[in-house]
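In each ligand, atom 1 is the first atom listed, and ligand 1 is the first ligand listed.
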Amino acid sequence: MPETRFADIRRFESIDSTNRYLLDEARAGASEGVVAVADHQTAGRGRLGRSWEAPAGANLLVSVLLRPAIDPGERHLATTAVALAAVDAIRATGVVGVSIKWPNDLVDTEGRKLAGVLAESDVASAAAADGQPPPVVVGIGINVNWPADESELPPELTGLAVSVSQLAGAPVDREALLLSFLAALELRAVDLDTPAGRARLAGDLLADCTTVGTRVRVDLADGSFEGTATGISPEGHLVVATGGATRTVVAGDVVHVRAGS
Ligand code: BT5
């Protein structure tokens with residue numbers, strides 16, 4: 001693998017959550033670039049208290065510690081960088097038809113979820129940053145070899161989840177996919193550092209975002225609204241046209257966005 005900032009790869013046979021592990025490391029002052037990879041998570045996290053399911057040894061469960069020197073309002077671009085790097089790595093296996101459902105899902109052409117991204121940070125670790133930019137831990141679960149087919153899915157994920165191996169028609173090497181993802185992420189992380197790079201991330205997200213152009217329902221803490229997603233802002237947020245106005249939806253405010261409702 002070419003030199004990247006992601007050389008410190010910590011591997012776990014079993015852990016509660018790779019995101020939790022790196023948040024603790026960040027609090028203790030760990031530098032950008034630490035990677036945590038698990039064969040199995042006993043408490044894999046999704047957003048908003050949801051959980052991430054994966055049997056042991058089948059899928060990629062990986063988190064990275066980033067410390068991008070960007071404004072707080074642009075931090076969604078860290079999620080974007082990870083999502084785009086995963087799309088890059090999956091495409092490099094020969095699989096086509098992968099896109100991003102805003103804010104954090106990789107989906108196939110039928111809208112089935114191939115991967116989910118979870119970015120987390122906290123005030124305590126920002127305070128303990130020791131001169132370093134505040135951390136953001138970005139985790140991604142990629143369904144690599146599970147499910148092998150639809151019958152392996154629990155009822156609640158039937159028709160909703162798909163794996164890279166299903167789309168490839170053959171088992172996929174998890175380690176090769178990890179290294180390819182980290183190499184792609186290095187290029188995407190470089191883009192976080194400059195205005196031109198950040199514009200490229202937002203532009204690439206727009207190009208690969210299946211949400212733009214569809215009807216969406218946005219559930220916020222204080223009510224919901226419907227509209228048409230018309231674009232991606234320079235910060236990577238979703239632009240929604242609704243009732244003659246335009247609203248920009250920040251990932252942290254979104255309880256639920258569903259295309260086609
Ligand atoms: C996500 O949340 O999609 C973010 C998932 C992030 C998981 C990674 S694994 C490494 C790192 N360490 C962690 O602890 N987490 C990260 P959300 O958008 O809330 O979606 C969660 C929902 O996706 C669940 O409620 C299920 O409906 C569904 N789901 C769970 N497991 C799935 C899977 N393997 N494939 C597809 N969908 C799944």
Side-chain angles (χ1 to χ4, degrees), residues 6 9-26 34-66 76 78-80 82-83 85-87 90 98 100-108 110-122 135-150 152-167 172 174 177-178 181-182 185 210-211 216 218-219 238 249 251-259:
F6 304 110
I9 302 177
R10 305 187 188 170
R11 296 172 186 276
F12 300 90
E13 201 177 307
S14 180
I15 195 171
D16 53 345
S17 155
T18 54
N19 264 37
R20 193 280 308 153
Y21 171 79
L22 282 188
L23 281 166
D24 283 351
E25 290 297 297
V34 182
V35 179
V37 189
D39 259 0
H40 185 238
Q41 291 183 130
T42 54
R45 298 178 184 173
R47 294 188 307 142
L48 305 163
R50 294 188 286 251
S51 59
W52 188 254
E53 306 300 329
N59 290 349
L60 206 47
L61 306 165
V62 55
S63 299
V64 297
L65 172 54
L66 299 175
H76 184 63
T79 298
T80 300
V82 168
V87 170
I90 292 168
V98 180
I100 298 173
K101 183 181 169 198
W102 196 91
N104 72 324
D105 290 349
L106 268 57
V107 293
D108 74 351
E110 292 170 39
R112 294 178 298 181
K113 189 158 167 169
L114 196 57
V117 182
L118 174 67
E120 297 185 276
S121 53
D122 67 43
V136 53
V137 170
V138 191
I140 183 165
I142 304 179
N143 297 334
V144 181
N145 290 313
W146 179 90
D149 58 53
E150 189 79 15
E152 286 194 348
L153 287 172
E156 67 274 14
L157 292 180
T158 300
L160 300 177
V162 70
S163 65
V164 184
S165 67
Q166 270 178 288
L167 299 179
V172 172
R174 271 193 310 161
L177 190 66
L178 170 66
F181 163 70
L182 293 176
L185 184 57
T210 181
T211 314
V216 294
V218 181
D219 289 345
L238 190 67
V249 182
D253 292 339
V254 176
V255 176
H256 186 79
V257 176
R258 178 162 290 156

Practice task
Report yes or no: does a heavy atom of Gly44 sit under 4.0 Å from some atom of ligand 1?
Solution key: yes

Handout entry: Protein contact to atom 34 (N) of ligand 1 [nearest heavy atom, distance to 0.1 Å]
Key = Glu53 O, 2.8 Å

Practice task
Return a yes/no value for Ser17: is any of its N or O atoms, backbone included, closer than 3.5 angstrom to an N or O of ligand 1?
Solution key: yes

Practice task
Starting at CH2 of Trp102, measure out to OG1 of Thr211 and round the result to the nearest 0.5 Å.
Solution key: 8.5 Å

Practice task
For ligand 1, find out whether one of its N or O atoms is nearer than 3.5 Å to an N or O atom of Asn59.
Solution key: no

Practice task
Return yes when atom CD of Glu13 has more than 12 non-hydrogen atoms of other residues, nucleotides or ligands closer than 6.0 Å, and no otherwise.
Solution key: no

Exercise for the section: Distance to 0.1 Å, residue and atom name: give those for the protein heavy atom nearest to atom 35 (N) of ligand 1. Expected result: Asn143 ND2, 2.9 Å

Handout entry: Top protein contact for atom 20 (O) of ligand 1, by heavy-atom distance
Key = Lys113 NZ, 3.0 Å

Handout entry: Closest candidate by heavy atom, reference atom 27 (O) of ligand 1, pool Val162, Leu157, Thr42
Key = Leu157

Exercise for the section: Decide, yes or no, whether a salt bridge links Asp39 with Arg174 under the criterion of side-chain N to carboxylate O below 4.0 Å. Expected result: yes

Exercise for the section: Measure Arg45 to ligand 1 on non-hydrogen atoms and call it side chain, backbone, both or neither using the 4.0 Å cut-off. Expected result: both

Handout entry: Nearest candidate to atom 10 (C) of ligand 1, where distance is taken over non-hydrogen atoms, out of Leu160, Ile15, Thr18
Key = Thr18

Handout entry: Separation of Thr42 OG1 from Phe12 CZ (nearest 0.5 Å)
Key = 12.0 Å

Completion exercise
Checking heavy atoms under 4.0 Å, the part of Gln41 that sits near ligand 1 is side chain

Completion exercise
heavy-atom search around atom 38 (C) of ligand 1 in the protein gives Trp52 CZ3, 3.4 Å

Handout entry: Distance, nearest 0.5 Å, that separates CZ of Arg10 from CD of Glu25
Key = 5.0 Å

Fill in the blank from the handout: When distances are taken from atom 19 (O) of ligand 1, the protein heavy atom at minimum range is Arg50 NE, 2.6 Å

Exercise for the section: Only heavy atoms count here, so choose which of Asn104, Ile140, Leu118 is nearest to atom 1 (C) of ligand 1. Expected result: Asn104

Exercise for the section: Name the closest protein heavy atom to atom 36 (C) of ligand 1, giving the residue it belongs to and the distance to 0.1 Å. Expected result: Ala161 CB, 3.4 Å

Exercise for the section: Would you check whether Ser51 reaches within less than 4.0 Å of ligand 1, judged by its heavy atoms? Expected result: yes

